[in-house]
Amino acid sequence: MSAEPRRDGASFDASRLANPATAALRAYDPGHDLPALRQRFGAAIAELGSNENPLGPSPLALEAMRAALAESWRYPDPRGAALKNALARRLGVGADRIALGNGSHELLMLLAQCFADPAHSIVFSQYGFAVFPIATAAAGAQPIRVPALPRDHASAPFGHDLDALAAAVQGDTRIVYLANPNNPTGTWFDDDALARFLARVPGDVLVVVDEAYHEYVDAPGLGTALRFAERHPNLVVTRTFSKAYALAGLRVGYLVAHASVVAVLERLRESFNVNHVALAGAAAALADGTHLASVRAFNRDERAWLRDGLAARGYAVLPSQTNFLLVDLACDAASFERHLFECGVIVRPMGGYGLGHTVRISIGSRAENQRLLDALP
Ligand SMILES: *Cc1c(COP(=O)(O)O)cnc(C)c1O
């Protein structure tokens, strides 16, 4: 018999035990309970809150995933060799320069865990992607949050201020996270601006460029950070199969970096982080250039149509190179969002980013976009 007193679940509070950086975080806010809403409303909702691709994945990817299901009793290939080799051929780099992740989210976290600790700082922009501060906290590193460009900036309102970001780098900085284009602003910087930025940042600071929306990009002067990979071995580029490839539910992302960066990440990466079905689906999706081309064309046209429709109704829409639009309401967005919700149109309020006067609207199907326009207050 143990002499220990009986412990009381009601008085136990593990939040006191969390490390300080984790204690300061809040859990991911998923917005509405979408599975519950789908059950309640069926097809009568327009889901424009999560930047998902309304065209869905390549039929070839679906076929490959169905075939892969039968092999699910096996562990996946821990090296993900087939997908890595396909990416390497596509990108013209060695396979030893590619790491695969359970979504690019995992890779963004892993970079901070492997390269930063409480003695280091990590630099990112005020309205940069939400994972950047979380990755920083998970590593216990010190965040340096750099003020964004102003609302009235000509090309990138609320976007990354590259001059200020470069100036913010300290002697103890290990990582700068950039998203290009950025979520939630949709804004971007061009390749020349990135080249100037890279020239200013010391070579032992990892510059991580998150290109989750790369496949949607068509602005002149905006290509990819990979152009600079040879000259800047400290450059890391992350991409995902969640957006243009429409495999968000599978969780596959990748990064391209110097082989020595990849080798460090491999020490901490969970061996089977990308599952078997996901590996098969991503490789098949990558091979289907026709489907990707139709996704790009659809998004380009529909984004312009929705932007024009919103502008014609008097809404201020930020420039976007992504599959979403950020609408600046210039007042608290809560009642706007609630009104649309009551009409069955789900958009994403941005209060969590400190952009409570904006909502983020994903480009949906034409029918969904039309429903949004019809439902506007
Ligand atoms: C959606 C998104 C990602 C993708 O995350 P996954 O984990 O690959 O699904 C990464 N970065 C940004 C900026 C995004 O918006």
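One is the number of the first residue; the rest follow in order along the sequence. Just so we're clear, the structure is a prediction, and the values are computed from it rather than from any experiment. Remember, it's 1-based here, ligands and their atoms both numbered in the order they're listed.
In this structure, His357 has its ring center under 6.0 Å from that of Phe158.
Pairs passing the ring pair (Phe, Tyr, Trp, His ring centres under 6.0 Å) check and including a residue from residues 313-337, sequence neighbours excluded, read Tyr213-Phe324, Tyr315-Phe336.
Not counting sequence neighbours, the partners of His32 by the ring-ring contact (aromatic ring centres under 6.0 Å, His included) test are Phe341.
Side-chain N or O atoms of His339 include one that pairs as donor or acceptor with a backbone N or O of Ala375 at under 3.5 Å. A distance-only check finds a donor-acceptor pair linking the side chain of Asn299 to the backbone of Thr322 [under 3.5 Å].
Protein residues are said to neighbour a ligand when one of their heavy atoms lies under 4.0 Å from it; for ligand 1 these are Gly103, Ser104, His105, Phe129, Asn183, Asp210, Ala212, Tyr213, Thr240, Ser242, Lys243, Arg251.
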Output side-chain donor-acceptor pairs under 3.5 Å for residues 131-142, partner residues at least two apart or in another chain, one line each.
residue	atom	partner	partner atom	Å
Thr136	OG1	Phe132	O	2.8
Gln142	NE2	Pro118	O	3.0

